[in-house]
Each structure stands twice: as structure tokens, then as C-alpha cells.
J.: 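Here it is, the structure, as C-alpha cells.
Chain letters run A, B, ... following the sequence lines, proteins first, then strands; residues in each count from 1. Computed over heavy atoms, backbone and side chain alike; hydrogens, waters and symmetry mates excluded. Everything numeric in this text was worked out from a predicted model, so none of it was measured.
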Number of protein chains: 4
Amino acid sequence: MSKHQEKREESKTLLVNTALQLFSRKGYDGTSIRAIAAEAGVSLGLMYNYFESKEALLLEIFNRGNKDIEASFAKAADVPGAEIDQLEQHILQTVHLLKEKRAFWRLLHSLRLQSNVLAQVVEETNAQTAYIEAQIRQNLEAAGIPSPDLEAKLLFATIDGIAHHYLLLEDYPIDGMAALLIQKYKSR
Amino acid sequence: MSKHQEKREESKTLLVNTALQLFSRKGYDGTSIRAIAAEAGVSLGLMYNYFESKEALLLEIFNRGNKDIEASFAKAADVPGAEIDQLEQHILQTVHLLKEKRAFWRLLHSLRLQSNVLAQVVEETNAQTAYIEAQIRQNLEAAGIPSPDLEAKLLFATIDGIAHHYLLLEDYPIDGMAALLIQKYKSR
Amino acid sequence: MSKHQEKREESKTLLVNTALQLFSRKGYDGTSIRAIAAEAGVSLGLMYNYFESKEALLLEIFNRGNKDIEASFAKAADVPGAEIDQLEQHILQTVHLLKEKRAFWRLLHSLRLQSNVLAQVVEETNAQTAYIEAQIRQNLEAAGIPSPDLEAKLLFATIDGIAHHYLLLEDYPIDGMAALLIQKYKSR
Amino acid sequence: MSKHQEKREESKTLLVNTALQLFSRKGYDGTSIRAIAAEAGVSLGLMYNYFESKEALLLEIFNRGNKDIEASFAKAADVPGAEIDQLEQHILQTVHLLKEKRAFWRLLHSLRLQSNVLAQVVEETNAQTAYIEAQIRQNLEAAGIPSPDLEAKLLFATIDGIAHHYLLLEDYPIDGMAALLIQKYKSR
DNA sequence: AATGAATGAGACTTCATTCAT
DNA sequence: TATGAATGAAGTCTCATTCAT
């Protein structure tokens, strides 16, 4: 990669990260391009050298975020083990990601119900979501649990609910919650 | 009630309901006053005869919504029964409310993470939320379940997660989810 | 005058007086029809039964105010006396009117430079103004003062300046100012 | 100064001057941002790149105007001479300023009685006003004139009245007025 | 005559986006 | 590439005025 491309990549990453922080804190509509540029310490117009529009910037945030998630889960999926252990791994992995990418998850959860802003983004995230749910279902099925479909949905909803509360509240005991949830599945 | 007051109340309710539908579908920021007026079939300025601002309109939506919720749960709380039965009642009641006031819940869930628009509204809803969680904890405690605090948080997160998915997706099997959840608590 | 007409006149006067107070305090542009109606304790629409528009109401205020001024000066003009005494009378009369109709004068002075609001009103007041100045000039001329034209303009400007400061400031020593001004003309 | 800063300053000054002309002609409330932009030949939104609000633009007009006045009087104050000559200088200086900055003075006089729009602006101008009056009083006192306080107020009111009439009327003989006024003080 | 609900033009302001430098 | 001045559509809100009751 040339010096030039490196610098380009650096600026892009700076803008993406700055935008993510602001979108997460103030919301997508509540964050202006000007504010992002100011916070990043670059000029207003620079953003348009890298992104076609505000929405394209958001899209890039999601692309990178999704890539991170995928990578994280892909790594976890390679670990062999009993189905229940895989569920445990999934839960712990989710908690880990939530903590590490809190801003991204906040943004995702805050935009999930705003269909106006995000046809394309929601598509992709829904696909990922469906995939995760399918994996959970397979694990439950393999573990011989009855009505694995509803059970998968239930576990998924529970994880999502915990995530949402963690993102919403300060001092949410997410580790305790994860441990309790895992224990419930182990004790069956 | 005078003719004028009747008309007033009618217009207010029309605006509140129209705004709720649009806020729920397009988001608060994505819905303009003009759009609300057009959808309601009234003039642009009418809203300002009844509400001080767009935010005041939102506040009224929440006031009415919170009143509905309170009334619904107050009625349910009177029903005596074993603690587990009360949990069952609470879950069924929540499902009932979700179905009946889908638009309101969508709005609430979509705004929960937007700290910019909502100091006051969030306050009140959080208070209600905390109260519900406390009730769940009491029930769990009375039923002799260990670590009732985390358990309450877990049940609450699960219900919230189910609600969120119901609000997010078409054709979510919420009744099946509720039944499965109830069964889990009954079988302990 | 019929009972009906009396009541009509009463309502009109109430609106005129209320509007005068508010226009004087908050300015013409800063006072809404709604505010006038509220302050007068009548309905918003009532005003339009008596006045064609907000501007027509202002016009009526000026008509009545001008009538008062005219009457006051007409009475004073009848008093015979030396020319200097007539100047004294004029000054004292003006001070008297300023105190008695402070709100009206404030309104007049605040609108005199706003050509946008008031073609018609300014016309009439200017006519009166010219007439008063002419009278002053005649008196000065009769008293044998040189360049009576400029002198009249000067005295007029002085009186107007005193009036303006009286209307602008709290606790302006207008009586002392009048006495000093009179003394200057007497001592010539 | 950079190219950007130059352009910035140019646009700011263009807007300030255009706004001053329009405010002076049509009044502050009677002049819309759209009208200012159109008259200046720029876009509607440009103003907001330089001023926070319409009121901030007005404030800038006053800041620049006050600076001009201060500079003008500061220069005059340095000239030594008898007290009466200083009064003469003050009067001539005022006339000069009135002619040179007619629009600004018209605006000032038209806003002086509108307490609603102007807390901050009026403050500063009042301070300047008080200072000028105090200087007049000192001169009169030094010249041995009795009741210098009232005399200062009288002279100040006279100058203000002349200014007001000059600003109000076309073809006002302000030079003749100034000469006459000066002569009165010289002949004592 | 009196009421006040309803209207809609127009005001101020924001902000994503363009483009000359 | 980087800058930031400039644009103008669109948003919220105000208010004089109309009109059915």
C-alpha cells in the first residue's frame, strides 16, 4: 500500500471512528457533518472526499462493525466442543463484543427501529441476525431440546434484551447476567 | 362539556393518534409537523393551538401511553394468586399491551436510546420500568428463587427482548414465546 | 345612543385602551392580537367585529390620541396673553399631555421612524406637527425674535428631545426641564 | 490575512452593511433575513455562517457603529480649547456623525423605545449616552453656568431632538440648526 | 354580538451538500 | 488532497385573519 493510500485510510478511519462516537452519543439525526469534522479536527469538506454522503459514512460504520462481529464469531465458531459449551461461548463472546464495541452496538440498537434511515444497513444486520439465530437453533437441536425454534428465538431475545439494558443503563451487571443465563442452560 | 371543548378534545386526540402512528413508523426526527398535519387532514398550524411544540406533542403521547399502561397493570395487580401465577399474569398482560398498543411501544423502544430528545419522557418511563422490575423481583423472592435480583433482571430483559423482536419483525410468534417463557417458570 | 351602541362603544374603548398599553410596552410588532384579547378579557375574534385589522386598531388609537391632543391645544390656544406667555403655555401644556397620555406618546415616538407600519398615521401626525411648529413660529415672529423659522424648529426640537428622554427614562426631571426652558425664553 | 479570512470579512461586512440599510429603512422587525440576503445578492443561509441569529447581526451592527462613534468623539476630545469651544466642537461633531452614519443613527433612534428587542444593545448605547451627557455637564460647569446638571440635560435633549428631526425628515436644515444652537451658547 | 377553532403565509434557523481556491 | 465559503431545501414555529357555531 502506498504512502498516499495509507494516509487516505488513516483519514477515513479517523472519520469513521469519530462519527461512530458521535452517532452513538447524540444519535444519527442529532449529529451534523460539521460536528463530526470539528471533533475529528479536519475540514468540513474533507468528508466528501471519502464518503459520498452522510448515509454512506453510516454505511461504512456498519460495514466495519459487521466485519468485526463476523470475525469475532467466526473465530469462536472454530472452537470445538459440546453444543452447550458452544452456547456458553456464544454468550460470552457476545458480552465481550458488547463491551469492546459498546458505541457500535448502541448505534445499532438505536437505529434498528428507525426504518427510515436505513433500508440497506438493516438488511445486512438482519441477515447476520438470522444467521446467529440459526446457529443457536442448531445447537439447541443438537442438544436434544424440544421446540428448538422457539427456544432459539427465546435465547436470542434474552441475549438481545440483556444487551439492550446494558447499552441503556450505567452499571448494568452484564457479567452476572451472562453467568446466570449460562447456568440455566447448563443445568438442564 | 361545551361544544368548543368537545371539538378541542377531538382535534387533540386526532393529532396525538396521527403523530403516534407516524412517529412509530418513521421515527420522531423523521416525521415533520407538516406530515402529521397532512396525514390528519388539518392545517399545518393547528398543532400549535394545542401543543407548545413538537416535543410537547411527544410528551402528550407518552403521558397518554403511560396512563394506559398504568391502568392496565393496576387492574392486573388486583388479581390474587400464587407468585408464579402473578408472573404469568404479568407476561400475558405485557403481551396483551404490546399487541393493543403496538405503535406506542415501537415509539418507546425506538426512543429509549436517543438521550437527546427525551430527558423528561425517559424519566417517567424509567420510573415505571423500575417499578415493574421491583415487582418481578418480589414475586421471585416470594417464590423462593435464589438471587432474585439477577433473576428479576433476567426475566425483565427476556420480556424486553421478546417485545423488541415483536416490534421489529413481522410475524413474530409472540404468543408462542410467551407460552414457552411461562412454562419455564412454572416447571421449576 | 341606544343601549346596544353604548355597549359597542364600551367594548371598542376597552380594546383600544388595552392595545395602547400593550403596543406602548411591547411595541406594535411585539404585541399579538391574541395578547390584546387576553389582556382585555375578551375573545380573540371579537376584535374583528370592531376593527378590520390590526392596523385599523392602531389607526383608531391614533385617531383618538390625535383628537385628545387637538382638544388640549385648542383649549390652550383660546387663552389670550403675550406671545411669550403662549410659548410658556404651550410648553406646560405639552408636559401635561405627556404625563397624562404617556403610553400614547411612547407609541407615537416608537413608531415615528418605522415608515413601514404607518403611511397613513404618520401623515396625520406630521400634519399636526407642522401645525404646532407653525404656531410656535408665529409666536416667535410676533415676539420679534430673529430668524423665527429656525428658532421655531429649534424650540420644537428641544421640546421633542425632552419628551423623548422623558419617555425613554425613568425619573426624568421633566418639570425642571420645562421650567428651565421657559426661563430661557422669558429672559430674552 | 488568508484568502479565506479576507472573503469571510468581506461577506460579513456586506451583510452588516446591507442589513443596516434595510433595518434603517424598514425597521428591524420589518426586515426579513430573506430580504437582507436578496438585497446583498447572497443565499438565504449565508448569514448563519457568520452570525448566530438575526439579533446577533443587529448586535454586530451596533458594535461597529459604537466603535465608530467612540473613535470619532475620542479624536474630538483631544482638541484643546475653551469650554464653549468644546461644546461647539461636540455639536459640530455630532452633526458630522449624523450625516456620515445616517442609517445607523436612524436605526438607533428607531430602536431606542423598543425595549423588547434590545436589552444588551441599549445597555451599551446608554452608557455612551451617559458619558456624553457627563462631558457636557463638565463643560457647562467649567464655563460657570448655573444648574449645570439641568443645563446639560437640556442641551443633550436639544441635540437629540435636532438629530431625531433630521433623521425623520427630508431636507432638514441641520447645519442652520447647529449654527443657531452654537450661537446661543456663545452669546451668553 | 360573541366565541375560539382552524387556516396558511411567512418568519427564523439548520444542515447536508457543492465547488472555487 | 484539503479547505471552508456558499447554497437552498426543508424544518419548526408564529400570528393575523376567517368562519362556523
Side-chain angles (χ1 to χ4, degrees), chain A residues 4 7-8 11 29-38 42-57, chain B residues 2-12 15 29-37 40-57, chain C residues 4-5 7-8 11 29-38 42-57, chain D residues 2-12 14-15 29-37 40-57:
Chain A
H4 183 243
K7 203 169 176 191
R8 202 180 155 81
S11 285
D29 290 311
T31 302
S32 67
I33 296 291
R34 191 177 294 274
I36 296 168
V42 300
S43 73
L44 175 60
L46 185 61
M47 208 210 77
Y48 289 90
N49 288 359
Y50 298 119
F51 306 100
E52 272 200 334
S53 65
K54 189 182 180 184
E55 192 164 343
L57 173 56
Chain B
S2 78
K3 234 356 172 342
H4 272 143
Q5 275 177 314
E6 268 177 44
K7 230 178 170 182
R8 227 184 132 74
E9 219 47 55
E10 208 174 306
S11 287
K12 259 184 98 161
L15 284 169
D29 289 313
T31 303
S32 67
I33 300 294
R34 188 178 295 277
I36 297 170
V42 299
S43 73
L44 175 59
L46 185 60
M47 201 210 78
Y48 292 94
N49 287 9
Y50 300 114
F51 306 99
E52 275 199 335
S53 63
K54 189 183 179 184
E55 192 164 343
L57 173 56
Chain C
H4 184 242
Q5 275 176 318
K7 201 167 178 191
R8 201 180 157 83
S11 285
D29 290 312
T31 302
S32 67
I33 296 290
R34 192 178 292 274
I36 297 169
V42 301
S43 75
L44 174 60
L46 185 60
M47 210 211 74
Y48 288 90
N49 288 358
Y50 298 119
F51 306 100
E52 270 199 335
S53 65
K54 189 182 179 184
E55 192 164 343
L57 172 57
Chain D
S2 77
K3 239 341 174 351
H4 270 143
Q5 275 177 316
E6 268 177 44
K7 230 178 171 183
R8 226 184 132 75
E9 220 46 56
E10 208 174 307
S11 285
K12 257 185 99 161
L14 172 62
L15 284 169
D29 290 311
T31 302
S32 68
I33 300 293
R34 186 177 296 276
I36 296 169
V42 299
S43 73
L44 176 59
L46 185 59
M47 202 209 80
Y48 292 93
N49 287 10
Y50 299 113
F51 306 100
E52 274 200 334
S53 63
K54 190 183 179 184
E55 192 164 344
L57 173 56

J.: Please report, rounded to the nearest Å, how far the P atom of dT12(F) is from the NZ atom of Lys54(B).
T.: 4 Å
J.: If I compare all heavy atoms of Ser43(B) with all of Ala37(B), which pair ends up nearest, and what's the gap?
T.: O-CB, 3.5 Å
J.: Quick one: on DNA chain E, does Thr31(A) or Ile33(D) contact a more 5' nucleotide (nearest heavy atom)?
T.: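 Closest to the 5' end, via its nearest nucleotide, is Ile33(D).
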J.: When rounded to the nearest 0.5 angstrom, what is the spacing between CG in Asn49(C) and CE in Met47(C)?
T.: 9.5 Å
J.: Could you list the residues that satisfy side chain to side chain contact (heavy atoms under 4.5 Å, CB included) with Tyr50(A), not counting sequence neighbours?
T.: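 Result, side chain to side chain contact (heavy atoms under 4.5 Å, CB included) vs Tyr50(A): Arg8(A), Ser11(A), Lys12(A), Leu15(A), Leu46(A).
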J.: Work out which heavy atom in Lys54(A) is nearest to a heavy atom in Thr31(A); give both atom names and the distance.
T.: NZ-O, 2.8 Å
J.: Roughly how far, to the nearest 0.5 Å, is the CG atom of Leu44(D) from the CZ atom of Arg34(D)?
T.: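 Answer rounded to 0.5 Å: 5.0 Å.
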J.: Report, as a single string ordered 5' to 3', how protein heavy atoms within less than 4.0 Å touch nucleotides 1-8 of chain E: B base, S sugar-phosphate only, - not at all.
T.: SBBBBBBB
J.: Quick one: side chain to side chain contact (heavy atoms under 4.5 Å, CB included) partners of Ala56(A), sequence neighbours excluded?
T.: Phe51(A), Glu52(A), Ser53(A)
J.: Using atom CG of Asp29(A) as one end and atom P of dG11(F) as the other, report the distance to the nearest whole Å.
T.: 12 Å
J.: If you write DNA chain E from 5' to 3' in dot-bracket form, with Watson-Crick or G-U pairs under 3.5 Å, [ ] for crossing pairs and | for pairs with another strand, what do you get?
T.: .||||||||||||||||||||
J.: Distance check needed: dT13(E) C1' versus Glu55(D) CD, whole Å only.
T.: 14 Å
J.: Look at Tyr48(B) and dT14(F) and indicate whether a side-chain polar atom (N or O) is within less than 4.0 Å of OP1 or OP2.
T.: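 For dT14(F), OP1/OP2 do not have a side-chain N/O of Tyr48(B) under 4.0 Å.
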J.: Between atom CD in Glu6(D) and atom P in dT21(E), what is the gap in whole Å?
T.: 13 Å
